[in-house]
Amino acid sequence: MKLPLAVIHSNITLILTLSLLIWGSPFVAKFLRMPIPPVEIILGAIFAYIGFIGDNEYFDLIANVGFLYLLFLAGIEVDLKQITKEPKEVIQKSILFLLLMILFSISSGLIFGLHTIVIISMPLISIGLLASLSKVYGKEQSWIRLALIAGVLGEIGSIVALTIFNAIITAGFGFALLIKLGYLILFILSVYLIYRLLYLLFWWFPELKNTLMPKLDTSDQDIRLSMALFFILIAVMLSLDLKLALGAFIAGVAISAFFHHEKVLEEKLSSLGFGFLVPLFFIHVGASFDLTALPLDGVISGALLITTLMIASRILAAVTLKSISGSKDALLIALSLSMPLTLLVAVATIGYETKLLDLLTYYQLILASIFEILISMLSIKLLQRKKA
């Protein structure tokens, strides 16, 4: 069936706009002296307001793939062997940091009388943007290494909490909820058992790694295997009706765990993500925010309140990390874990679509997720400049 001329023109405009934004956003970021992700979000909002970016199912789909790929890259940043070798004090302090952050977030939310769903979303942790920071500043930075440890624990807990929240919203407090939680527990146990089996298999037959990812590879077998694992785990999560983000993240962790020596592979996957898929996700986030909502009473003030409470709760909790990282690194860790953009948008979307959130609160959460990136990334840049 032939598409109407107006639709064809709209699709062409969208493709050209996205192409120019992907290519031009680094230049704009360099000119403004800002990190690239917030610039892509701002540009997405502006061009959507002008009318160059509109609703398009294919753009929505590829942006969702970009979101999942960002979590996949975050998983690749995780070095399980390194984490298990960390002193017990580091793990204990990281867990204490997360517990205090949850306590401060919920307490402050209750004090200010915020919406229940907003309070639920405030302690969420996502290390998707930590992958961006790792690319900019280098994963060898001590604060990034420590942030990854706390972030991995927080991310897994957040995705599990989000999965449970989604299950409660869709299934209620009944037998269907127990089944979905059973699927989640079964999936996590299966992943652990498969990991242990593969670990033993590769220990006994180390040549299997070279078979799966040949050193003299002319067919990009490493990329093919990575993409296969990425989509297989997404398909598994789809079949179990669980959050796809967990599958994408675990796929990245698996690649890191068994093929961490393949540094070229990590560079290839990172280039594909940050050069194409991830920018589309950030542009889509910006485009999803209606700039005409900014003048509405309570949108900006409410978003700033949520942003302040979320960042403050992490900074206060980071006091526990001072003894193992120093004051400045503790602050950098707190800021780097103050950007749960993907999960915050997910909670806001679920809440709004199920009519548990009104439009004003929805806009506040979306805007807060953007403010957090702007404030945190710019603060990290300033602190790093002083540190240098």
Side-chain angles (χ1 to χ4, degrees), residues 14 17 21 34-35 37-57 59-60 63-64 66-67 70 105-106 108-126 128-129 158 161-162 165-166 169 245 279-314 338-378:
L14 177 63
T17 302
L21 290 180
M34 289 176 60
V39 168
E40 288 167 341
I41 292 172
I42 293 169
L43 289 175
I46 292 172
F47 277 81
Y49 176 75
I50 295 171
F52 287 100
I53 300 176
D55 291 330
N56 184 287
E57 59 179 319
F59 181 36
D60 294 342
N64 284 330
F67 159 54
L70 180 61
S105 297
I106 294 176
S108 60
L110 291 172
I111 290 170
F112 284 91
L114 299 182
H115 194 286
T116 304
I117 293 180
V118 175
I119 295 174
I120 291 171
S121 67
M122 285 172 63
L124 294 176
I125 292 284
S126 177
L129 286 167
S158 296
L162 186 55
F165 171 69
N166 189 43
I169 295 298
L280 285 174
F281 164 67
F282 287 131
I283 293 168
H284 187 270
V285 169
S288 68
F289 184 80
D290 186 2
L291 286 179
T292 59
L294 285 176
L296 295 177
D297 186 39
V299 170
I300 295 179
S301 60
L304 285 173
L305 175 62
I306 295 170
T307 302
T308 302
L309 294 179
M310 289 183 70
I311 294 177
S313 66
R314 286 155 174 79
S338 297
M339 302 177 285
L341 169 72
T342 51
L343 299 184
L344 209 58
V345 171
V347 170
T349 303
I350 292 170
Y352 182 64
E353 288 178 350
T354 53
K355 302 189 184 305
L356 293 174
L357 275 183
D358 55 73
L359 189 59
L360 175 65
T361 311
Y362 170 76
Y363 281 142
Q364 287 175 342
L365 273 176
I366 297 295
L367 190 57
S369 68
I370 297 172
F371 281 162
E372 285 165 1
I373 295 176
L374 290 170
I375 294 170
S376 297
M377 284 203 161
L378 289 174

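No experiment lies behind these values; they were computed from the predicted model shown.
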May I ask you to test the [X]-[Y] pair for a side-chain heavy-atom distance under 4.5 Å?
X: L343; Y: S121; result: no
X: M310; Y: P123; result: no
X: Y362; Y: L359; result: yes
X: L114; Y: L305; result: yes
X: M377; Y: P38; result: yes
X: T307; Y: I370; result: no
X: D358; Y: T361; result: yes
X: D60; Y: H284; result: yes

Nearest 0.5 Å please: distance from the [atom1] atom of [X] over to the [atom2] atom of [Y].
X: L360; Y: D297; atom1: CG; atom2: CG; answer: 8.0 Å
X: L304; Y: F371; atom1: CG; atom2: CZ; answer: 4.5 Å
X: L365; Y: F289; atom1: CG; atom2: CZ; answer: 11.0 Å

Nearest heavy-atom neighbours spanning [X] and [Y]:
X: L21; Y: I283; answer: CB-CD1, 3.7 Å
X: Q364; Y: I306; answer: CB-CD1, 4.1 Å
X: A245; Y: F67; answer: CB-CZ, 4.1 Å
X: L356; Y: H115; answer: O-NE2, 3.0 Å
X: L294; Y: V299; answer: O-CB, 4.4 Å
X: F59; Y: I53; answer: CE2-CG2, 3.7 Å

| said: Main chain of I125, side chain of S158: is a donor-acceptor contact present, judged purely on distance under 3.5 Å? | reply: yes
| Donor-acceptor contact below 3.5 Å, side chain S376 vs main chain I373 | no
| message | Test of understanding: with side chain to side chain donor-acceptor pair (under 3.5 Å), list the residues that count as partners of S313, not counting sequence neighbours. | response |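 Here the qualifying residues are S105.
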| message | Holding to side chain to side chain donor-acceptor pair (under 3.5 Å), I want the full list of residues that pass it with T17, two or more places apart in sequence or in another chain. | response |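 Side chain to side chain donor-acceptor pair (under 3.5 Å) check on T17 returns nothing, list empty.
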| query | Given the rule in the side-chain contact (heavy atoms from CB on, under 4.5 Å) test, do E372 and S338 qualify, once you have shown the distances and angles that lead to the verdict? | reply | CA-CA 7 Å; E372 285 165 1; S338 297; 5.6 Å; no
| query | Can you list the steps and then say if L374 with I41 is a side-chain contact (heavy atoms from CB on, under 4.5 Å)? | reply | CA-CA 10 Å; L374 290 170; I41 292 172; over 6 Å; no
